[in-house]
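This report concerns only the one structure given below.
All values reported here derive from a predicted model rather than from experimental measurement. Naming: A, B, ... by sequence-line order, numbering from 1 per chain.
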Amino acid sequence: MATVQILNTLTKELELLKPREDEGKKLSLYTCGPTVYAYAHIGNFRAYVFEDLLQRHLQERGFTVRRVMNLTDVDDKTIRGAHAAGIALGDFTRPFKEAFFEDSKALRLLPAEAYPEATDAAQIARMIAMIGTLMEKGHAYLAEDGSVYFRIASFPGYGKLARVDLENQRSSQRVASDEYDKEAVADFALWKAWVPEDGAVGWESPWGRGRPGWHIECSAMATGLLGETIDIHCGGVDNIFPHHEAEIAQCECVGAKPFVRYWMHCAHLMVEGSKMAKSAGNFFTLRDLLDKGWTGREVRYALISVHYRGALNFTMEGLGAARTALGRLDAWRERLHETAGSETAAETSDPATEGFFAALDDDLNISSALAVLFETLRESNRRMDLGDEGKLSPAQARGLLNWLARVDGVLALEPEASQSIPPEVEELVAARAAARAAKEWKKSDEIRDQIAALGWLVKDTKDGQRISKN
RNA sequence: GGCGGGGUAGCCAAGUGGUAAGGCCGGGCUCUGCAAAAGCCCCAUGCGACGGUUCGAUUCCGUCCCCCGCCUCCA
């Protein structure tokens, strides 16, 4: 059986991924989701695409993956946005939630089993219960400002994920500007007391009206839906500290069990060599790119084709490269179909193709995996170019198509289901074929123009006309 | 200052103690009435710099240079 190895941020080592005892081949996966105060940008989606690749590969390897992704729909930004728009929080976040799911679909992300929302009453109740337990155990305290804070000094394990030593932290300007009534500057909020700016946003709690802190939200949803110990928890590197560190502290102080067995973090994305920022004018949401004419699958290719732990330099040139590469794959796929014809018996023609999955077993080495894909493409094209001697057989083509179906299950880069060709176009194509047979080139060109006017593109190949949507 | 990730051909990017995958671009050829595609081939004596270890280093060790990120709520 396959052995999937991943780099665990907690240990910094490549580890064999093993389900827990008595869990069979089940794995739980928690992925930090978007804060719905704006459209998610491609940096966010880089993380989600990485998580999707992980899930798909694990499934290809026979694991049953239970994945949960949260939606943060209450925090400073969402409250500020709703206030600025003069509408209720829920009305402000709803369109962004919907957009997130649309974008996810465009990028072919597998849906999670659940998308818990921070404002959900059941989740709020769970957060309050967790905070209560932390209070009872002395891991939290109510400060004079009415907020509840986590007492970091009470948890010796704090800093184990990010390898931070609080003594050595340089205080940043952000900390300096905070005027909290905390015992220690590093203590973080579990429950934020209501302030006038919160308006109608707030929930009653044993500590008064307020709202949950960001970290407790993920802790509550993750353990609530997936159990006290989660197998894999993913996110961007920027979440390592303090977010994930805080999640560990909260969960491991509430329960006594390890919170997460394997942590995985993806690196950031840059745009045209610079940090993506609105002020730099290189900030893209998925819809920005779709508006420019790129497709979801092209963006997916661009995001997936760089190893998740390396910084990804997202460029228009890179998108162009994605488009070209996908075009080659599409053409190859069509050729394989033509060669396979109606042959159903599959011959496994190239054992090297297993290398694709073996590469992904190695901490999702996508570059090596894609290399196998393209090497297979070139080798089989070479054989389809041949005369009779050594030519790729229909059964071998079928074998490659079967393999490609498995590859698609992981990469999800197959072309959009081709639209069926309308009858009037079919007729024109047939007429053109007849004209070509008679070498009536002028007529052939006229028909090609007519077909183009209907929105279809015709290309002449060695094997006849090929029609595609323009 | 602390912690982490990087520097491999024009661009993107794997990888290994034994002489550099793959993608894009570019060049050549094939196919071709035209057009548009596509296919095949070629394209780093070189892997940030300098030392060291070694029969041999891009890969190990040391020193240094540069880039990026995090250091309290940004994937």
Legend entry - Complement of B:G69, any strand, by Watson-Crick or G-U distances under 3.5 angstrom: B:C3

Legend entry - For A:Arg378, side chain to side chain donor-acceptor pair (under 3.5 Å) partners two or more places apart: none

Inset, instruction - Starting at atom CZ of A:Arg335, determine the distance to atom P of B:A38, rounded to an integer number of angstrom. - result: 12 Å

Legend entry - Centroid distance under 5.5 Å and plane angle under 30°, A:Phe374 vs B:G22: no

Inset, instruction - Could you give me the CA-CA distance, side-chain angles and deciding distance for A:Glu416 and A:Arg108, then say whether salt bridge (Lys or Arg N to Asp or Glu O under 4.0 Å) is met? - result: CA-CA 11 Å; A:Glu416 300 290 344; A:Arg108 306 179 176 193; 3.1 Å; yes

Legend entry - Any donor-acceptor N/O pair, A:Asn365 side chain to A:Ala359 backbone, under 3.5 Å: no

Legend entry - Along RNA chain B (nearest heavy atom to each residue), the more 5'-positioned of A:Ala325 and A:Tyr48: A:Ala325

Legend entry - Residues from residues 33-45 of chain A lying under 4.0 Å of RNA chain B - heavy atoms: A:His41, A:Gly43, A:Asn44

Inset, instruction - Check A:Val68, A:Leu226, A:Val260 against A:Ser28 for a side chain to side chain contact (heavy atoms under 4.5 Å, CB included) and give me the one that passes. - result: A:Leu226

Legend entry - Closest to side chain of A:Asn365, choosing from B:G15, B:A13, B:G69: B:G15

Legend entry - Length of the line joining A:Trp441:CH2 and B:C34:C1', which is rounded to integer Å: 9 Å

Legend entry - Residue mapping more 5' on RNA chain B - nearest nucleotide basis, A:Asn313 or A:Arg211: A:Asn313

Inset, instruction - With heavy atoms under 4.0 Å as the rule, sort A:Asp76 into base, sugar-phosphate or nothing. - result: nothing

Inset, instruction - For A:Arg382, answer base if it contacts any base atom (sugar-phosphate contacts may also be present), sugar-phosphate if it contacts only those atoms, and nothing otherwise; contact means non-hydrogen atoms under 4.0 Å. - result: sugar-phosphate

Legend entry - Whole-angstrom distance between B:G22 and B:A35, as gauged at atom P: 32 Å

Inset, instruction - Determine the contact category for A:Arg378: base if any of its heavy atoms lies under 4.0 Å from a base atom, sugar-phosphate if only primed atoms, P, OP1 or OP2 are that close, otherwise nothing. - result: sugar-phosphate

Legend entry - Sugar-phosphate, base or nothing in reach of A:Arg436, heavy atoms under 4.0 Å: base

Legend entry - Under 3.5 Å side-chain donor-acceptor pair for A:Gln396 and A:Arg383: yes

Legend entry - A:Phe284 and A:Phe314 aromatic ring geometry - parallel, tilted or perpendicular at 30°/60° bounds: tilted

Inset, instruction - Indicate, with a heavy-atom threshold strictly under 4.0 Å, whether A:Lys77 touches base, sugar-phosphate, or nothing. - result: sugar-phosphate

Inset, instruction - Evaluate the ring planes of A:Phe96 and A:Tyr39, with Trp represented by its six-membered ring, and classify them as parallel (under 30°), tilted (30 to 60°) or perpendicular (over 60°). - result: perpendicular

Inset, instruction - Report yes if the distance between the aromatic ring centroids of A:Phe283 and A:His41 is under 6.0 Å, otherwise no. - result: yes

Inset, instruction - Check every strand shown and say whether A:Val372 touches a base, only sugar-phosphate, or nothing at a heavy-atom separation below 4.0 Å. - result: nothing

Inset, instruction - Determine the contact category for A:Leu269: base if any of its heavy atoms lies under 4.0 Å from a base atom, sugar-phosphate if only primed atoms, P, OP1 or OP2 are that close, otherwise nothing. - result: base

Legend entry - No-H, no-angle donor-acceptor pair, A:Arg328 side chain to B:A38 base, under 3.5 Å: no

Inset, instruction - Check every strand shown and say whether A:Ala371 touches a base, only sugar-phosphate, or nothing at a heavy-atom separation below 4.0 Å. - result: base

Inset, instruction - Round to the nearest Å and state the distance from A:Asp385 atom CG to B:C41 atom C1'. - result: 12 Å

Inset, instruction - Kindly confirm whether the side-chain ring of A:His268 is stacked on the base of B:A75, judged by centres under 5.5 Å and planes under 30°. - result: yes

Legend entry - Proximity to the side chain of A:Phe188 - top-ranked nucleotide from B:G39, B:U72, B:C25: B:U72

Legend entry - Separation of atom CD in A:Glu298 from atom C1' in B:G23, rounded to whole Å: 15 Å

Legend entry - Spacing between A:Gln465 atom CD and B:C34 atom P, to the nearest angstrom: 16 Å

Inset, instruction - Answer with base, sugar-phosphate or nothing: what part of the nucleic acid does A:His243 contact at a heavy-atom distance below 4.0 Å? - result: nothing

Legend entry - Phosphate-side-chain proximity, A:Lys275 and B:C70, N/O vs OP1/OP2 below 4.0 Å: yes

Legend entry - Contact under 4.0 Å: A:Asn381 side-chain N or O vs B:C40 OP1/OP2: yes

Legend entry - Modelled atom types, side-chain donor and acceptor of A:Asn70 and A:Thr72, under 3.5 Å: yes

Inset, instruction - Please test A:His215 against A:Phe150 for ring-ring contact (aromatic ring centres under 6.0 Å, His included), starting from the C-alpha separation and ending with a verdict. - result: CA-CA 10 Å; A:His215 312 307; A:Phe150 185 91; 9.8 Å; no

Legend entry - Whole-Å distance separating the CD atom of A:Glu375 from the C1' atom of B:G22: 7 Å

Legend entry - Per A:Asp238 side chain, nearest of listed nucleotides B:C25, B:A75, B:C40: B:A75

Inset, instruction - Using the C1' atom as the reference point in each nucleotide, state the distance between B:G23 and B:A36 in Å, no decimals. - result: 23 Å

Legend entry - Identified pairing partner of B:A38, criterion: Watson-Crick or G-U wobble below 3.5 Å: B:U30

Legend entry - Minimum-distance nucleotide to A:Arg432 side chain [options: B:C40, B:G33, B:C73]: B:G33

Inset, instruction - Would you please indicate yes or no on a ring centroid separation below 6.0 angstrom for A:Phe100 and A:Tyr48? - result: yes

Legend entry - Gap between atoms CD and C1', on A:Glu379 and B:G39 respectively (whole Å): 14 Å

Inset, instruction - Report yes or no: does A:Glu272 contribute a side-chain atom to a donor-acceptor pair with the main-chain N or O of A:Met316 at less than 3.5 Å? - result: yes

Legend entry - Quiz item: A:Ser444 side-chain donor-acceptor pair to B:G33 base, under 3.5 Å: yes

Legend entry - Between B:A44 and B:U54 - P atom distance, rounded Å: 33 Å

Pairs under 3.5 Å (N/O, protein and nucleotides 5-10 of chain B):
unit_1, atom_1, unit_2, atom_2, d
B:G5, OP1, A:Lys12, NZ, 3.0

Inset, instruction - Name the pairing partner of B:G51, where a pair is Watson-Crick or G-U wobble with both distances under 3.5 Å, or state none. - result: B:C61

Inset, instruction - Check every strand shown and say whether A:Asp445 touches a base, only sugar-phosphate, or nothing at a heavy-atom separation below 4.0 Å. - result: base

Legend entry - Electrostatic pair A:Arg287-A:Glu102, nearest N-O below 4.0 angstrom: yes

Inset, instruction - Mind calculating the distance between CD1 (A:Ile152) and C1' (B:C71) to the nearest angstrom? - result: 12 Å

